[in-house]
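Numbered from 1 within each chain, the chains take letters A, B, ... in sequence-line order.
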Number of protein chains: 2
Amino acid sequence: MEAILNILQKFSNIPQESLERFVGKLHEKSIPKGETLIREGEVCNQLSFINKGFVRSYYFKDKKDITISFSMTGEFIASMSSFISQKPSYETIEALEHCHLYQISYQDLMDLFEKDSHLEHLYRLILEQYYVALEEHLIFSKFKTAKERYLELIETKPLIIQKAAVGQVASYLDMSLETLSRIRANI
Amino acid sequence: MEAILNILQKFSNIPQESLERFVGKLHEKSIPKGETLIREGEVCNQLSFINKGFVRSYYFKDKKDITISFSMTGEFIASMSSFISQKPSYETIEALEHCHLYQISYQDLMDLFEKDSHLEHLYRLILEQYYVALEEHLIFSKFKTAKERYLELIETKPLIIQKAAVGQVASYLDMSLETLSRIRANI
DNA sequence: CTGATTTTTTGATTTTTATCAATAGCCTTC
DNA sequence: GAAGGCTATTGATAAAAATCAAAAAATCAG
């Protein structure tokens, strides 16, 4: 529990009471390597904090899977569009290694927001950070060559390269796995 | 004022009193065509609702400007990462046609959130919608050819093609202006 | 209206990257 | 430790799109 408390306290100096209210609704979950957290077509009704582990989010296009994102220890993960809208997810999230999560259900979270505005405030701040990160990912990969995108990833998220398969990283970087393999060969 | 009220009421059935509190902090602003709303390097301290008009957000890379997004009547616009962090913006936002805006300052908005949690709730819902839209933009342009990206834009946001210059749309779609011109030539 | 400037189109060529195909490496698991 | 099944690399070729260059069209200023 400490890890998630530390992260949350970094976002705002929220009253201890509110934090406890939030923590009271969390439940632990373990996902073995290779299993899925959420599958395409299901409604994502859990927001997960990755206490330990590494996951990949992807969707299918022409029978190939295309990586949307990787998430690691200390981050929140959900099929956001599905969680927000409570409609079926188009993405699947799988554990690339054994994961230990803290989860809160959509309903519990919404109930908390009604009762305690400090928690909605905290959630707003987190959402803003994720929005900015997404925007930067989108913008700064524009008009870069395949090699530049790979080098940028090494700089910003080296763990991904260590932990994920070449093909999974390649589709994340919008290139074929052969291209990524060649880039790696020439440093 | 009606337009912004209609939009806000669609997001949640917020008390009239809260809405009035919010509206009380809005100020009108007109931006002539060609002028900027926010310039690279400045801190973006206004969130703007486009009551009427059309704007483009872009940044510079190797002396060329690259379009990040277009926003039109009925939408909110700000240099989000700058507004959220209150640090200098890397993006510039220009009016592609004469704009009539309703603006609220960062400080006023934060003050309102402290006083009235209904408003923070409303803002959270809007932010979620923008997050989902951004994610979909990112995902659905992946592994599409230049032509597919253009056809998708015609489907989803035809106004952009009507109102923006070829080069501005091309960089938004991550292709050279010559490529876009050729795509247009072959329908 | 007309010359000047900007924007768009068109053409030729090069570069980048995808695709197809084969080989090599490597974990498993029996 | 060998067979089988993934995963990664390497090679040859094709396709997509960028770049360089010039012409045509549209817009603007006086």
Visitor: Just checking, any donor-acceptor pair under 3.5 angstrom between side chains of A:Gln46 and A:His27?
Guide: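 A:His27 and A:Gln46 do have a side-chain donor-acceptor pair below 3.5 Å.
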Visitor: Can you tell which of C:dA18, D:dA17, D:dT10 lies closest to the side chain of A:Ala185?
Guide: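 Closest of the options to the side chain of A:Ala185: D:dT10.
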Visitor: Rounded to the nearest angstrom, tell me the gap between atom CD in A:Glu148 and atom P in C:dT15.
Guide: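 After rounding, the gap between these two atoms is 16 Å.
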Visitor: In whole angstrom, give the distance that lies between atom CZ of A:Arg182 and atom P of D:dA12.
Guide: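 Value for this atom pair: 11 Å.
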Visitor: Rounded to whole angstrom units, what separation is found between the CD1 atom of A:Ile161 and the P atom of D:dA8?
Guide: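 Rounding to the nearest Å, CD1 of A:Ile161 and P of D:dA8 are 13 Å apart.
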Visitor: Whole-Å distance between D:dA21 P and B:Glu178 CD?
Guide: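 About 12 Å, once rounded to whole Å.
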Visitor: From CZ of A:Arg184 over to P of C:dA24, roughly how many Å is that when rounded to an integer?
Guide: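 The answer, rounded to whole Å, is 20 Å.
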Visitor: Rounded to whole angstrom units, what separation is found between the CG atom of A:Leu177 and the C1' atom of C:dA24?
Guide: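 Roughly 15 Å, once rounded to whole Å.
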Visitor: Taking atom types as modelled, find out whether B:Glu135 and A:Tyr130 have a side-chain donor-acceptor pair closer than 3.5 angstrom.
Guide: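 Side-chain D/A pair, B:Glu135 to A:Tyr130: absent.
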Visitor: For a quick check under 3.5 Å, do A:Ser141 and A:Arg149 share a side-chain donor-acceptor pair by atom type?
Guide: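 Per modelled atom types, A:Ser141 and A:Arg149 side chains form no pair under 3.5 Å.
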Visitor: Using whole Å, what does the distance between atom C1' of nucleotide C:dT9 and atom CG of B:Asn186 come to?
Guide: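 Roughly 12 Å, once rounded to whole Å.
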Visitor: Given D:dA18, C:dT8, D:dA8, which nucleotide is nearest the side-chain atoms of A:Val166?
Guide: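 Minimum distance to the A:Val166 side chain belongs to D:dA8.
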Visitor: Given atom NZ of B:Lys33 and atom C1' of D:dC28, what is their separation to the nearest angstrom?
Guide: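 Distance, rounded to whole Å: 11 Å.
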Visitor: May I ask you to evaluate whether A:Thr179 reaches the phosphate of C:dA18, defined as a side-chain N or O under 4.0 Å from OP1 or OP2?
Guide: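 Result: yes.
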Visitor: Looking at A:Arg124 and A:Glu120, is there a salt bridge between them, counting it only when a charged N and a carboxylate O are closer than 4.0 Å?
Guide: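 No, A:Glu120 and A:Arg124 are not salt-bridged.
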